[in-house]
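In what follows, a structure is listed as structure tokens, so that the remarks can point back to it.
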Amino acid sequence: EVQLVESGGGLVQTGGSLRLSCATSGFSFDDYAIGWFRQAPGKEHEVVSCISVEDGRTYYADFVKGRFTISADNAKNTVYLQMNTLKPEDTAVYYCATDRYKGPKTPCNSDYDYGYWGQGTQVTVSS
């Protein structure tokens, strides 16, 4: 059974940092892409970042470039999202999701269904 469990959310002041973790199980970690998404109140899900574990290629949404860093620990089957210089507009529930790797020609933010999701972790940035 595919499982993803997020942790690391919390309340932080503007300019602060958090590191989210996505612990995975039930599938071959190297054969999948992992994405981080977020959903703020009244808004739709949006992709924040993703990584193809097989080749290490990453993607970042423009609104987090230079502030967030995604990484994968193959030994722990865990993906991290280091979030620095947080802003109030980063407040949202953050989810990780996974889909089978589609090869080096398909970026992890394109043509992936991400059918398996975690339960989410709340990030709140106070102004």
Side-chain angles (χ1 to χ4, degrees):
E1 179 186 5
V2 174
Q3 289 191 329
L4 301 97
V5 180
E6 302 94 335
S7 61
L11 174 63
V12 65
Q13 291 185 337
T14 296
S17 298
L18 287 172
R19 189 178 79 156
L20 304 184
S21 300
C22 175
T24 73
S25 62
F27 60 95
S28 181
F29 189 68
D30 290 355
D31 294 337
Y32 280 71
I34 309 290
W36 282 101
F37 299 78
R38 69 186 187 185
Q39 186 172 28
K43 296 187 177 181
E44 296 186 353
H45 278 98
E46 57 184 357
V47 62
V48 175
S49 179
C50 58
I51 184 168
S52 301
V53 180
E54 170 71 23
D55 57 25
R57 295 170 65 189
T58 59
Y59 163 83
Y60 296 95
D62 286 343
F63 53 79
V64 302
K65 281 182 180 178
R67 300 189 298 126
F68 291 10
T69 303
I70 192 170
S71 61
D73 185 333
N74 292 54
K76 296 182 178 181
N77 290 348
T78 298
V79 170
Y80 302 99
L81 186 68
Q82 178 66 45
M83 306 188 297
N84 298 328
T85 319
L86 283 162
K87 305 175 181 179
E89 52 263 44
D90 293 318
T91 295
V93 179
Y94 284 71
Y95 301 88
C96 61
T98 190
D99 192 10
R100 187 175 290 275
Y101 178 59
K102 298 186 183 297
K105 296 184 178 180
T106 305
C108 60
N109 63 310
S110 173
D111 292 334
Y112 277 78
D113 295 326
Y114 288 108
Y116 300 98
W117 291 73
Q119 82 289 348
T121 186
Q122 176 70 47
V123 171
T124 303
V125 184
S126 63
S127 57

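Keep in mind that the numbers below use all heavy atoms, side chains included, and drop hydrogens, waters and symmetry copies.
- At a threshold of 4.0 Å, the pair R38-D90 counts as salt-bridged, since one of the basic side-chain nitrogens sits closer than that to a carboxylate oxygen.
- Atom CZ of residue F27 and atom OH of residue Y116 lie 9.5 Å apart, to the nearest 0.5 angstrom.
- C50 places none of its side-chain heavy atoms less than 4.5 Å from the side chain of I34.
- Linking Ile, Leu, Val, Met, Phe, Trp and Tyr whenever their side-chain heavy atoms come within less than 4.5 Å leaves Y101 and V79 in two separate clusters.
- Of all non-hydrogen atoms in S52 and Y112, the two that sit nearest each other are OG-OH, 4.3 Å.
- K65 has a carboxylate O that lies under 4.0 Å from a charged side-chain N of D62, or vice versa, which qualifies the two as a salt bridge.
- Interatomic distance, SG of C108 versus NZ of K102, reported as 12.0 Å (0.5 Å rounding).
- Criterion: ILVMFWY side-chain heavy atoms under 4.5 Å apart, direct or through other members. Under it, F63 and V47 are not part of a common hydrophobic cluster.
- Between the side chains of T106 and D111, not a single donor N or O lies within less than 3.5 Å of an accepting N or O.
- Within the 3.5 Å criterion, the main-chain N or O of E46 finds no donor-acceptor partner in the side chain of Q39.
- Among residues two or more places apart in sequence or in another chain, the side chain to side chain donor-acceptor pair (under 3.5 Å) test is passed with S28 by D31.
- E6 contributes a side-chain N or O that, together with a main-chain N or O of C96, makes up a donor-acceptor pair within less than 3.5 Å.
- Rounding to the nearest 0.5 Å places CG of D99 at 5.0 Å from CG of D113.
- Between the side chains of Y60 and N109, no donor-acceptor pair is found at a separation under 3.5 Å.
- The closest side-chain heavy-atom distance from T98 to V2 is below 4.5 Å.
- Contact detail for W117 and H45: the closest heavy-atom pair is CZ3-CD2, 4.0 Å.
- Contact record, M83 with L20: CE-CG, 3.7 Å, taken as the closest heavy-atom pair.
- Counting heavy atoms from C-beta outward, V12 and T124 have side chains that stay 4.5 Å or more apart.
- Judged by distance alone, with hydrogens and angles left aside, the side-chain atoms of T91 form a donor-acceptor pair with the main-chain N or O of P88 at under 3.5 Å.
- The two residues S17 and T85 come nearest to each other via the heavy atoms OG-N, 4.3 Å.
- When side chains are defined from C-beta on, S49 counts as touching L81, because their heavy atoms get closer than 4.5 Å.
- Of the candidates Y114, Y95, Y94, Y114 is the only one forming a ring pair (Phe, Tyr, Trp, His ring centres under 6.0 Å) with F37.
- What you find for Q82 and N84 is that their closest heavy atoms are NE2-OD1, 2.9 Å.
- In terms of heavy-atom proximity, L86 sits nearest to R67 at CA-NH1, 3.9 Å.
- Follow the hydrophobic side-chain contacts under 4.5 Å out from Y59 and you never reach I51; the two are in separate clusters.
- Distance alone, capped at 3.5 Å, is enough to place a donor-acceptor pair between the T78 side chain and the K76 backbone.
- Hydrophobic cluster membership is shared by I70 and L4, with clusters built from Ile, Leu, Val, Met, Phe, Trp and Tyr side chains linked at under 4.5 angstrom.
- Within the 4.5 Å cutoff, side-chain heavy atoms of Y80 are placed close to those of S71.
- In the hydrophobic cluster analysis, where Ile, Leu, Val, Met, Phe, Trp and Tyr join through side-chain heavy atoms closer than 4.5 angstrom, L18 is grouped apart from V5.
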message = Apply side chain to side chain contact (heavy atoms under 4.5 Å, CB included) to residues V93 and T121 and explain how you reach the verdict.
response = CA-CA 5 Å; V93 179; T121 186; over 6 Å; no
